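Just so it is clear: chains get the letters A, B, ... in the order the sequence lines come, proteins before strands, and each one is counted from 1. Please read these numbers as outputs of a predicted model, since none were measured by experiment.
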There are 2 protein chains.
Amino acid sequence: MNGIVFDHKECGSCPIRHRAVCARCDADELEELDSIKYYRSYEAGQPIVWSGDRMDFVASVVTGVASLSQAMEDGRTQMVGLLLPSDFLGRPGRDAAPYDVVAVSNLTLCCFRRKPFEQMMIRTPHIGQRLLEMTLDELDAAREWMLILGRKTAREKIASLMAIIARRDASLALSSAEDGMSFELPLTREAMADYLGLTLETVSRQISALKRDGIITLEGKRHVIIPDFDRLQIETGDDMDGGLMI
Amino acid sequence: MNGIVFDHKECGSCPIRHRAVCARCDADELEELDSIKYYRSYEAGQPIVWSGDRMDFVASVVTGVASLSQAMEDGRTQMVGLLLPSDFLGRPGRDAAPYDVVAVSNLTLCCFRRKPFEQMMIRTPHIGQRLLEMTLDELDAAREWMLILGRKTAREKIASLMAIIARRDASLALSSAEDGMSFELPLTREAMADYLGLTLETVSRQISALKRDGIITLEGKRHVIIPDFDRLQIETGDDMDGGLMI
DNA sequence: CTGGTGCATTGACCCAGATCAAGAAAAGCG
DNA sequence: CGCTTTTCTTGATCTGGGTCAATGCACCAG
């Protein structure tokens, strides 16, 4: 547990509100949510649930990064989701986890006991609606990822990952768009490889190549500086304008 | 329009009921749904909506197959969803289509005007709940697909596709599990390639290889016979027991 | 300071699947 | 019925990324 406790303002209290969209929970609803919530902390690398396990909570990521992944019995693994702060974990109405969930970095979750959460969802339609919207967002992200996995080159894959993290980071920090955005890579080379359907050697080589070509700069092994986001965007192979900005 | 008209029993009327799970719509609700529904037919190859288009309906596939796909401007395309009979198309609450939707074979949709459908959803929570469930199923399918795209070999990809279609087909026909299941391939080699992140030549070669090894038998180019489903299942590389059976 | 442990980088080589190219087999059609 | 068009198969060759292996670089414990 690590002694970390957040007050309502910090954690958002309503899990839906973490995405800063739903301001519709009234005082009673927030109080009810508070009564079924608790915090959990995990260290980098620690498993949260295994595929098939019964999951008796849903949660919102407060700080840190978690991954969802699928493994084949011969060891090949594919990451199928990356949960950053404010993302939602768990599926009301289903009690077995379909994937392995692992804390990629140190992680704090704001958890809600599943049964009472589900009951509340039934009583409170806007929570269900918001959840449907979030699930549709996840579906869009998964499908964007399918394009990356199926059709992009290794270089484009790395550039796409950098762009996605940079964009997410900027939107959380509310401090985007000034020239020279930078962020801390929350993933090891191996985790990136699992995400991108590559090997860790290829990830390393392509990062070196992007560095050599001046698309990115590294400070240490994890701190990335993007001198010109548009140039990175070109490297992703994506349509410049249209398309989803997850 | 082609003059094809279905009565309620054939089409299911309640779009939710197409998946044969929701039997909760009462007479009034069914009548209301009937009042906002209409049918559309498309020929193989015909586009239904383009990415970015405004979509003023949601729909249920009655017969035929449709695909969702994303394209990069240099022509590389990745199919991100395959809609078989009883699958749902469209997203309440969003008015722009995020992908190109194309009729892969001749296709009939049972459409519902979006606005009234959404209003009905708000008034009728169980429809929203069912929709959330279906969206979660789609998300699971998308993520299973990510594993296929990111980590499987060409042979495993083809075997996985065959297994998925065979399974879906069997569950629709309610006539599964007798030895020697068979089905009509609803996709061209090119469409399979777009689905699997391969080239059509590789698809063709791997189908030939599976045929040579007796895993499948072909009658013509499209009719597939699976003499022993378990052997096919082994070729997919998937865990035999666990895992999702979409 | 020294060896150990865990990430990351780099090199040398190889192979699955892409690419390029030629036919074969259906399917439509005047 | 040929004749075109589309779809599929197969072969020859090339290459991006995988595999195997060595080395570098922090960071920690003793």
Side-chain angles (χ1 to χ4, degrees), chain A residues 43-46 72 74-78 102 104-106 148-162 184-213 216-224 235 237, chain B residues 43-46 72 74-78 102 104-106 148-162 184-213 216-224 235 237:
Chain A
E43 309 211 336
Q46 225 183 322
M72 301 173 67
D74 64 4
R76 285 177 280 175
T77 70
Q78 176 64 51
V102 177
V104 170
S105 64
N106 289 344
I148 291 173
L149 289 172
R151 293 301 185 193
K152 290 194 179 181
T153 64
R155 170 182 261 246
E156 289 170 337
K157 285 178 175 182
I158 298 288
S160 299
L161 179 59
M162 297 287 177
E184 214 59 36
L185 261 184
L187 302 171
T188 65
R189 301 294 187 260
E190 190 184 17
M192 287 189 252
D194 282 346
Y195 207 155
L196 297 167
L198 298 171
T199 59
L200 70 92
E201 294 94 329
T202 299
V203 169
S204 183
R205 274 187 254 272
Q206 295 300 333
I207 288 178
S208 299
L210 289 177
K211 199 167 51 179
R212 191 175 342 102
D213 299 346
I216 62 174
T217 309
L218 282 191
E219 247 163 35
K221 289 164 190 305
R222 294 296 194 90
H223 191 78
V224 180
E235 294 293 335
Chain B
E43 308 212 334
Q46 223 182 323
M72 300 172 66
D74 64 3
R76 285 177 278 175
T77 69
Q78 176 64 51
V102 177
V104 170
S105 65
N106 290 345
I148 292 174
L149 289 172
R151 293 301 184 194
K152 290 193 178 180
T153 64
R155 170 182 262 246
E156 288 169 338
K157 285 177 175 181
I158 297 288
S160 298
L161 179 60
M162 297 286 176
E184 213 60 36
L185 262 184
L187 302 172
T188 65
R189 303 292 188 260
E190 189 184 18
M192 287 189 252
D194 282 346
Y195 207 153
L196 298 166
L198 298 171
T199 59
L200 68 93
E201 294 95 328
T202 300
V203 169
S204 183
R205 274 189 252 273
Q206 294 301 332
I207 288 178
S208 298
L210 289 177
K211 200 166 53 178
R212 190 176 342 102
D213 299 347
I216 63 175
T217 310
L218 282 192
E219 250 164 31
K221 287 164 189 307
R222 293 296 195 88
H223 191 77
V224 179
E235 294 293 335

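- In this structure, L200(A) atom CG and dG11(C) atom P are separated by 16 Å, rounded to whole Å.
- Residues K221(B) and L185(B) come closest through the heavy atom pair O-CD1, 4.4 Å.
- In this structure, CD1 on I207(B) lies 4.0 Å from CE on M162(B), to the nearest 0.5 angstrom.
- Residue I207(A) contributes atom CD1, which lies 15 Å from atom C1' of dG17(D) at whole-angstrom precision.
- Closest approach to the S204(A) side chain among dT10(C), dT9(D), dG17(D) is made by dT10(C) (side chain taken as heavy atoms from C-beta onward).
- For the pair L196(A) CG and dG18(D) C1', the interatomic distance rounds to 15 Å; values are reported in whole Å.
- For dA18(C), one of the phosphate oxygens OP1 or OP2 lies less than 4.0 angstrom from a side-chain nitrogen or oxygen of T202(B).
- Taking CD of E184(A) as the reference point, atom CD of E219(A) lies at 9.0 Å (rounded to 0.5 Å).
- R222(A) has a side-chain polar atom (N or O) that falls below the 4.0 Å cut-off from OP1 or OP2 of dA8(C).
- Put simply, OG1 on T188(A) and CZ on R222(A) are 6.0 Å apart, with the number rounded to the nearest 0.5 Å.
- Atom P of nucleotide dA16(C) and atom CG of L149(B) are separated by 20 Å, given to the nearest angstrom.
- Atom CD in Q206(A) sits roughly 14 Å away from atom P in dG11(C) (whole-Å rounding).
- Across all strands shown, G45(B) has no heavy atoms under 4.0 Å from either base or sugar-phosphate atoms.
- To the nearest 0.5 Å, atoms CD1 (I148(B)) and CG (L161(B)) are separated by 8.0 Å.
- Taking 4.0 angstrom as the limit, S208(A) places a side-chain polar atom (N or O) nearer than this to OP1 or OP2 of dT10(C).
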Dot-bracket pairing map - DNA chain C, Watson-Crick plus G-U, both contacts under 3.5 Å, | cross-strand:
||||||||||||||||||||||||||||||
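- When rounded to the nearest whole Å, the span between CD of E156(A) and P of dG16(D) equals 12 Å.
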List the steps and the verdict of side chain to side chain contact (heavy atoms under 4.5 Å, CB included) for T217(A) and V224(A).
CA-CA 6 Å; T217(A) 309; V224(A) 180; over 6 Å; no
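- Distances shorter than 4.0 Å separate some side-chain N or O of T199(B) from OP1 or OP2 on dA18(C).
- Considering CG of L198(A) and CZ of R151(B), their distance stands at 7.0 Å, rounded to 0.5 Å.
- The distance from the CD1 atom of I216(B) to the CD atom of E235(B) is 10.5 Å, given to the nearest 0.5 Å.
- Each of R151(A) and T188(A) was assigned the nucleotide of DNA chain C with the nearest heavy atom; the assignment lying further toward the 5' end belongs to T188(A).
- Counting to the nearest Å, the P atom of dG18(D) and the NZ atom of K152(B) are 18 Å from each other.
- Rounded to whole Å, the distance from CZ on R205(B) to P on dC20(C) is 13 Å.
- When all heavy atoms of R155(A) and A209(A) are compared, the closest pair comes out as NH2-O, 3.9 Å.
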Give every pair of a protein N or O atom and an N or O atom of nucleotides 21-27 of chain C that lie under 3.5 Å apart, one pair per line with the distance.
none

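- The closest side-chain heavy-atom distance from R76(A) to E156(B) is below 4.5 Å.
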